[in-house]
Amino acid sequence: MKPTIRTAVLAVAALAATVLPAGAASATSSASAARPGPTVYQAAPSGSGDVCDRARPCSLDGARAKVRADIADGMDRDVRVELRGGTYPLTAPLTLGPDDSGRDGHTVTWAAAPGAHPVLSGGRTLTGWTKNHDGTWTAAVPAGVTPRQLFVGGRRATPARGAACAASVCHATKDGLTGAVATGIARWTRPTDVTAVIKVRWRNYQCRVTGVSGDVLTFAQPCWADSSSGTGRTGPAWDTTTVDSTRYTGVAWFQNAPELLDTPGEFVWNSAARTVTYLPLPGQDMGRDQAVTPATEHLAVLDHAHDLDLIGIGFAYAAYHQPDTADGYAGTQAGLTLTGASGPADQSGRYYTKPSGALTVDGGRDVHVQGTDFTHLGGAGAVLQDGTQHSSVTRSRFTDLSSGALYIGDTDPNPAPGLAGTDNTVAYDTIDQAGVEYTDAAGIWAGYEAGLTVDHNTLEHLPYSGVSVGWGWNQPGAQQSVLRDNHITDNRITDVMTVKDGQHDGGAIYTQGDQPGTVISGNYINRSAYGNTERDGNGIYLDEQSSHITVADNVLTRLGYKWISNWADYGIQNTATGNWTDTDAPALAGTGSVATGNHTRLDTLPAQATAIAARAGADGPHVEPLPADLARAGTATQSATDGTATAANAIDGDTTTDALTLAGAGSWWQTDLGAVRPIDRIEIWNDATMATADVDVSISATPDFARATTVHLGGKALRPSILDHLHARGRYVRITATGTGPARIGLAEVRVHS
């Protein structure tokens, strides 16, 4: 194996262009002249034979055999396999191991040929579509393929789904669910093809129905047992997020029944007839648009490979088989699941199962993935595990994934020597719309890692946490681990903890465990759980024994709850300093944890904060400015005050403090801006108890509100509810409870913008 200094050299080359000092170019040219060029082999989707040159490219397997023979003869130069453009359909993964790895100071590279876009695909194209009388289309599915996902014309279809079922109807026990009659499932033609999707706080559960008896539904085992309490394997002892817990509020939806196929873009799988039926979107033509379902699970497996690079190769349509088995999807956290009918009674997540990755690196050394595209996947993008070290994924794109984008490291807090994940890098990657199906998945997850760098990535449109580093929940056996010296720096994380996906208790950056030397700095976080229905969704969440972590010089705006949360008293010695945010948070918990020198309750972003935000991410400056808040300098009053929850708490720039009235007919809160101002937008942040509902929001130039502009806000106000494009002028803004009964107005914040 080559010295691991190559890791540092490649990381520098991948992260930024190097400016050479005078005279360095000639020295580099001399060194290049002295080093022989690589041996190059060619592969093509239709390649064959064993020549593997430009005139006669070979298959992927043929290229691998050629490289392996070269290595066996002794390497005196690098070896490069260039993949011609096009799709490489795989029924089994391209597997590379020690015999396919570089040695004697040389590297093996598998790369796109110049100007080419090769794609390794695990998909099967469904053909022979016939149109039905109701506008749907049906096609046969090849043997051995279970179409859990379907992509038509490159667009992800949705498994036909129904409405939510409240816990009062779909009551969950360790044995199953009630509600078969009320939901209509008892009358459906194929209930055993149906899956129940359940979300409890940060967890997602998906188990298949196996039977209907009267009003009771039973489910595949061990999926349902692993989703229920009492196994001794489902999370910490205090855990109350199983399907039969008090936190369970009902079934999010049932899916995959022909009776639910009523919305364009939905499909249903019939396991008996082995057919897929699809209701096209407007403009789709099933005789023209290609329909693909993922079938092959892993597209490339690097099994103890080393000194090996993958550059510019696409990964598409990889499957994830576990959810279709009896194990189902018993989510635990961040896309990991509990599997098997039995196992060690360990509550620190040591035996949880990571999702399937299109690319898997097991025990790799100096493996570098660069410029790759991961798209339309049924599982995760890339998984680096089993003690992978000195390896990286850089300048790659992850789009439209059922699970998370990147899983780095393992769940054992104290692995055997040589099996710890160390000095890995994830940098300058873009991640957009991961966790589409398994909404508890994180964008980037890292377990017990040391020396991990997560730098200058862009993460957008994610249902749960953006970057999650650390594991163990402060459980015995996990309190002392190999975690240390991790750096989460200069990432741009926007629109995460998305409210529509219903996952809770996470953050744009989330940590667990004692991590001495870990730094979180220079990150720009905007819109985490923005528009939520409760106080939830943090900016930086130091959860569960997170200790010895420095949080510095980050910019955090538009957060559903706290900009920083040091959740537990046993998370100690954390320091937050020099951060910039438009809200505030209570003092940090834990011995020795301090917040000092932070710039909180900002009305607008100062130039220094804007510069930090502009430097973050993989793809150039994208900063959403903060508009000036006219209410901040106003004078607030309310109809009556409950205790210390004064009206001024709603204009103090802190969404963690509340104003609250006593209950009464026509309760109100208002602010006087001091002068008549143009008003185009008002943000209303509900209080902790979500007290504010069904209100009139009025804008007036005079205190009697005689000629006010009034907008009704129905239902519960969110965090925030936004009234936009008001085109009004006024000095006074009042929020009044409507209806004749007693009501309360509770507000964490009211922001008024011109």
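Put simply, CG on L626 and OG1 on T604 are 7.0 Å apart, with the number rounded to the nearest 0.5 Å. We find the OG-CD distance between S546 and Q512 to be 6.5 Å, quoted to the nearest 0.5 Å. In this structure, CD1 on I612 lies 9.0 Å from OG1 on T610, to the nearest 0.5 angstrom. To the nearest 0.5 Å, atom OG1 of residue T657 and atom CD1 of residue I651 are 10.5 Å apart. To the nearest 0.5 angstrom, S468 atom OG is 9.0 Å from D543 atom CG. Taking CG from L718 and CG from N532, the interatomic distance works out to 8.0 Å, rounded to the nearest 0.5 Å.
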Subject >> Test log, rule side-chain contact (heavy atoms from CB on, under 4.5 Å), inputs I549 and T511 >> reply: CA-CA 9 Å; I549 297 173; T511 65; 3.8 Å; yes
Subject >> side-chain contact (heavy atoms from CB on, under 4.5 Å) evaluation trace for W563 with N554 >> reply: CA-CA 10 Å; W563 73 268; N554 302 281; over 6 Å; no
Subject >> Derivation and outcome, side chain to side chain donor-acceptor pair (under 3.5 Å), residues S521 and D553 >> reply: CA-CA 5 Å; S521 71; D553 302 317; over 6 Å; no
**OP:** Could you give me the CA-CA distance, side-chain angles and deciding distance for H487 and T453, then say whether side chain to side chain donor-acceptor pair (under 3.5 Å) is met?
**Re:** CA-CA 5 Å; H487 288 75; T453 296; 5.2 Å; no
**OP:** Please report the C-alpha distance between D366 and H390 in whole Å, then the side-chain angles of each, then the deciding distance to 0.1 Å, and finally whether the side chain to side chain donor-acceptor pair (under 3.5 Å) criterion is met.
**Re:** CA-CA 5 Å; D366 274 291; H390 307 290; 5.8 Å; no
**OP:** Give the intermediate values and the outcome of salt bridge (Lys or Arg N to Asp or Glu O under 4.0 Å) for residues D652 and R632.
**Re:** CA-CA 7 Å; D652 64 356; R632 194 69 61 87; over 6 Å; no
Subject >> Full working for salt bridge (Lys or Arg N to Asp or Glu O under 4.0 Å) between E749 and R719 >> reply: CA-CA 9 Å; E749 195 76 5; R719 294 180 58 84; over 6 Å; no
**OP:** Could you check N526 against R558 for side chain to side chain donor-acceptor pair (under 3.5 Å), going step by step and ending with a plain yes or no?
**Re:** CA-CA 6 Å; N526 186 40; R558 299 178 179 88; 3.2 Å; yes
Subject >> Derivation and outcome, salt bridge (Lys or Arg N to Asp or Glu O under 4.0 Å), residues K354 and D410 >> reply: CA-CA 9 Å; K354 290 189 283 292; D410 303 292; 3.7 Å; yes
**OP:** Under the side-chain contact (heavy atoms from CB on, under 4.5 Å) rule, what do T575 and V551 come out as? Steps first, then yes or no, please.
**Re:** CA-CA 6 Å; T575 300; V551 178; over 6 Å; no
**OP:** Begin from the C-alpha positions of T360 and L302 and carry the test side-chain contact (heavy atoms from CB on, under 4.5 Å) through to its verdict.
**Re:** CA-CA 6 Å; T360 302; L302 278 54; over 6 Å; no
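Ionic pairing of E534 and R201 is present here: one or more N-O contacts between side-chain nitrogen and carboxylate oxygen are shorter than 4.0 angstrom. R751 and D603 are not joined by a salt bridge, as no carboxylate oxygen comes within less than 4.0 angstrom of a charged side-chain nitrogen. Using a cut-off of 4.0 Å between Lys/Arg side-chain N and Asp/Glu carboxylate O, D672 and R731 are scored as salt-bridged.
Across all non-hydrogen atoms, the minimal contact from Y510 to D505 is CE1-O, 4.5 Å. Counting all heavy atoms, side chain and backbone alike, T422 lies closest to E449 at N-OE1, 4.2 Å. Minimum heavy-atom separation, R156 to D400: NE-OD1, 2.7 Å. Shortest non-hydrogen contact noted between A691 and D687 is N-OD1, 2.8 Å. Nearest heavy-atom pair across D429 and A618 is O-CB, 3.7 Å. S396 and V369 make their closest contact through OG-O, 4.3 Å (heavy atoms, listed as atom of the first residue, atom of the second, distance).
Within a 6.0 Å radius of CZ in R397, no more than 12 heavy atoms belonging to other residues, nucleotides or ligands are found. The environment of Q608 atom CD is sparse: at most 12 non-hydrogen atoms of other residues, nucleotides or ligands sit within 6.0 angstrom.
Side-chain polar atoms of S402 and E437 form a donor-acceptor pair below 3.5 angstrom. A donor-acceptor pair shorter than 3.5 Å cannot be found between the side chains of D582 and T557. Side chains of N598 and T600: no donor on one and acceptor on the other come within 3.5 Å. T439 and N204 are linked by a side-chain donor-acceptor pair at a separation below 3.5 angstrom, with hydrogens and angles left out of the test.
Remark: of the listed residues Y570, W567, W473, Y570 is the sole one forming a side chain to side chain donor-acceptor pair (under 3.5 Å) with E544. Each of Q573, R484, H548 was checked for a side chain to side chain donor-acceptor pair (under 3.5 Å) with D514, and the lone residue meeting it is H548.
Note: W580 and H599 have parallel aromatic rings, judged against thresholds of 30 and 60 degrees for the angle between ring planes. Aromatic ring pairs are classed by plane angle as parallel below 30°, tilted from 30° to 60° and perpendicular above 60°; the pair W685 and Y530 is perpendicular. The aromatic rings of W471 and Y352 sit perpendicular to each other, their planes meeting at more than 60°, with 30° as the lower class boundary.
Side-chain atoms of W669 never come within 3.5 Å of backbone atoms of A636 as a donor-acceptor pair (strictly under, hydrogens ignored). A distance-only check finds no donor-acceptor pair linking the side chain of D440 to the backbone of G331 [under 3.5 Å]. Side chain of Q503 to main chain of R203: a donor-acceptor pair is present (N/O by atom type, distance under 3.5 Å, no hydrogens or angles). Under a 3.5 Å cut-off, the side chain of N424 and the backbone N or O of S391 do form a donor-acceptor pair. Without hydrogens or angle criteria, N491 side chain to N457 main chain gives a donor-acceptor distance under 3.5 Å.
By the 4.5 Å heavy-atom criterion applied to side chains, L462 and D501 are not counted as neighbours. No side-chain heavy atom of L308 sits less than 4.5 Å from a side-chain heavy atom of T107.
Figure legend: cation-pi geometry between R535 and Y561 absent, as NZ or CZ is not positioned both under 6.0 Å from the six-membered ring centre and within 45° of its axis.
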